[in-house]
Structure formats: structure tokens, C-alpha cells
Amino acid sequence: MKTKVSWLVLAASLAVVAACSSQKKEEAPEQAQPTLHEVMKDEIDLHADELWEISNPALGENAHLDPKLMDDERWNQIEQRATALKAAALDLAKLDPIVVVKPGVKIADEGVPYGDTGAEVQANVDKDPQKLRDFANALAVHAGDIASAAQRRDTERAGLLIGQLDGVCEDCHLEYWYPSQKKLLQEYGIER
Ligand code: HEC
């Protein structure tokens, strides 16, 4: 008798939990996920900066990684940071919907010439959110390739990929953060 009652209680509380969680899903899906601005600052820029900080002192002639300046510790750190950057880029690609900033939050370079505001960036994103996810996935692949090159201790390839990383960031920035700079670059014949 005693067990029967507690099963009933359990069933009832499970029903409540189920009702709560389904209600939550309907109410505010975008509350649970970070904004693009948060992923950019707290994950992507952070890990990319750490990666550059570790690799820059090992740059030799012609901005190549100098094998003489590389040791296991530096390789492992590069691999770690590149793997973290890859995960961050995948987090960015997963955002749905993509909310650029919380109300009242300012983004970098707002108000300077050719710097878009958060609302303008949101409009750029809403025009083609899938292409932004494609750029984020391209960054994930690039960062993953850096991690593999580091694992293989491939100075040539790792150096090349780290040198190209900034361009992978810029591809997306020119499209979504400051597209007016893209026009300017095109006017000067410097197309990316
Ligand atoms: C898929 C698109 C995309 C990629 C790839 C990307 N970014 Fe961004 N980033 C944005 C957008 C959109 C903004 C403008 C919104 C903002 O400032 O938060 C931005 C803004 C920033 C900012 C300014 C943040 C602030 O305080 O407002 C920094 C710094 C930054 N990105 C660094 C990077 C670095 C470093 C990389 C490459 C390792 C990178 N981003 C790759 C889309 C991207």
C-alpha cells in the first residue's frame, strides 16, 4: 500500500516536471543561449588572442614558425587553444536565432566612421543568417586544421594557417560587422 502511494506521488511530480520543461521551451528559447557579441568576446576573441600570444614569440624569418623556437609545451598550448577556438566557432554556428546584442549593450567601434551599431549588425545578420553560420563553420575547420598541424608538429603548415587566421575572421567581419568597409576596399581595388 505504501509503495503504491509513493508511485502515485512520483508520477504526479514527473507530470509537473514535464509540464514545466515543455512550458519553458515555448516561452523563451533565446534567453538560454548567449548573444553573438558574448560568444565573440568571451570565447572567439579570447582563444584567438591566446593562440597569437603563444605563437607570436616563435615567429622567425618571414613570419614563419621557427622550429628552433618550438618545444612540446608551446605545441601543446597551440593545439589546446586552437581546439578551444574550434569549439567557440561551433558555438557561434549553433546560435539560432542569432541575437547580436542584449538591449543597451554597445559593441566595439560603434559610432566611429564605418563602424556599424548593434542594430545595424543585427540587420546585416538577419539578411543572411545562414551565410554567417557558414563563415563560423569555416573558422571551426581552420582552427581544427591548426590543432592537427600542431599535433603533427608541422611547423610549415601550422605557421601558414596561423598567419591566415586573421583573414578568416575578416571575411565574416567585412560581411556582417562593417560591410561599408568592404565597399571602401572594393573602391580602392583591394578586394578580399
Ligand atoms: C561568423 C562571423 C564571424 C567570425 C568568423 C568572426 N567574427 Fe568577430 N565579430 C562578428 C560580428 C558580426 C561582430 C560585430 C558584433 C560585435 O561587436 O559583437 C564581431 C565583432 C568582433 C569583435 C568586437 C567585439 C566587441 O567588443 O564588440 C572582436 C574583437 C572580434 N569580432 C574578434 C574576432 C576574431 C579574433 C575572429 C577570428 C578568430 C573573429 N572575430 C571571427 C562576426 C564574426
Side-chain angles (χ1 to χ4, degrees), residues 17 20-56 76-150 158 161-185 192:
V17 170
C20 283
S21 56
S22 64
Q23 208 177 17
K24 223 187 205 167
K25 253 185 209 155
E26 279 162 27
E27 263 176 18
E30 71 268 37
Q31 298 277 298
Q33 62 168 15
T35 60
L36 176 145
H37 179 67
E38 286 162 352
V39 176
M40 198 50 56
K41 272 180 47 178
D42 303 342
E43 297 185 46
I44 296 203
D45 189 47
L46 179 81
H47 297 309
D49 281 349
E50 287 170 345
L51 180 65
W52 283 315
E53 225 166 87
I54 297 157
S55 54
N56 281 352
N76 289 340
Q77 284 180 335
I78 288 180
E79 186 187 342
Q80 249 178 31
R81 302 309 195 272
T83 304
L85 180 59
K86 177 184 173 181
L90 291 175
D91 283 348
L92 183 61
K94 263 190 300 208
L95 293 183
D96 188 13
I98 303 170
V99 177
V100 175
V101 266
K102 292 202 172 110
V105 175
K106 281 206 164 190
I107 64 168
D109 295 344
E110 260 196 57
V112 306
Y114 304 107
D116 282 12
T117 62
E120 284 167 324
V121 175
Q122 184 71 60
N124 302 337
V125 171
D126 290 345
K127 265 186 246 157
D128 196 348
Q130 192 47 48
K131 191 166 160 198
L132 185 138
R133 293 191 187 99
D134 293 345
F135 278 125
N137 281 318
L139 174 60
V141 170
H142 195 93
D145 287 348
I146 295 176
S148 317
L161 289 169
I162 292 172
Q164 290 168 344
L165 178 60
D166 194 37
V168 181
C169 312
E170 278 305 277
D171 285 343
C172 189
H173 289 164
L174 282 172
E175 213 63 50
Y176 291 96
W177 185 7
Y178 32 73
S180 48
Q181 277 193 27
K182 190 179 172 185
K183 283 193 207 109
L184 196 73
L185 288 177
R192 281 195 53 87

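None of these values were measured; they are calculated from a predicted model. All values below were derived from every heavy atom in this structure, side-chain atoms included, with hydrogens, water molecules and symmetry-related copies excluded.
Atoms CG and CD1, from L51 and I162 in turn, are 5.0 Å apart once rounded to the nearest 0.5 Å. The distance from the CD1 atom of I146 to the CZ atom of R81 is 13.5 Å, given to the nearest 0.5 Å. Considering CD of Q77 and CD of E53, their distance stands at 10.0 Å, rounded to 0.5 Å.
S180 is linked by a side-chain hydrogen bond (donor to acceptor under 3.5 Å, both in side chains) to nothing, counting only residues two or more places apart in sequence or in another chain. In this structure, the side-chain hydrogen bond (donor to acceptor under 3.5 Å, both in side chains) partners of H47, at least two apart in sequence or on a different chain, are E50. Residues satisfying the side-chain hydrogen bond (donor to acceptor under 3.5 Å, both in side chains) criterion with D116, sequence neighbours excluded, are N124. K131 pairs by the salt bridge (Lys or Arg N to Asp or Glu O under 4.0 Å) definition with E175, not counting sequence neighbours. Contacts of K127 classified as side-chain hydrogen bond (donor to acceptor under 3.5 Å, both in side chains), with partners at least two apart in sequence or in another chain: none.
The shortest distance between side-chain heavy atoms of E170 and Y178 falls below 4.5 Å.
The salt bridge (charged side-chain N to carboxylate O under 4.0 Å, His left out) analysis of residues 82-95, with sequence neighbours excluded, yields the pairs D91-K94. Within the structure, the side-chain hydrogen bond (donor to acceptor under 3.5 Å, both in side chains) test picks out the following pairs touching residues 101-112 (sequence neighbours left out): E38-K102.
Between the side chain of E79 and the backbone N or O of N76, no donor-acceptor pair lies under 3.5 Å. A donor-acceptor contact shorter than 3.5 Å links the side chain of Y176 to the backbone of D128.
Under 3.5 Å, the side chains of Q80 and T83 contain no donor-acceptor pair of N or O atoms.
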Test side-chain contact (heavy atoms from CB on, under 4.5 Å) on L85 and L165 and set out the steps.
CA-CA 11 Å; L85 180 59; L165 178 60; 4.0 Å; yes
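Considering every non-hydrogen atom in both C169 and W52, the closest pair reads SG-CH2, 4.4 Å. Contact record, T117 with I107: C-CD1, 4.0 Å, taken as the closest heavy-atom pair. Shortest non-hydrogen contact noted between A88 and I44 is CB-CG1, 3.8 Å. Among all heavy-atom pairs drawn from A150 and I78, the shortest one is CB-CG2, 4.0 Å.
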Donor-acceptor contacts under 3.5 Å from residues 135-142 side chains, at least two apart:
unit_1, atom_1, unit_2, atom_2, d
N137, ND2, R133, O, 3.2
H142, NE2, L161, O, 2.8

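Checking each of V100, V101, I98 against V121 for a side chain to side chain contact (heavy atoms under 4.5 Å, CB included) leaves exactly one that passes, namely V100.
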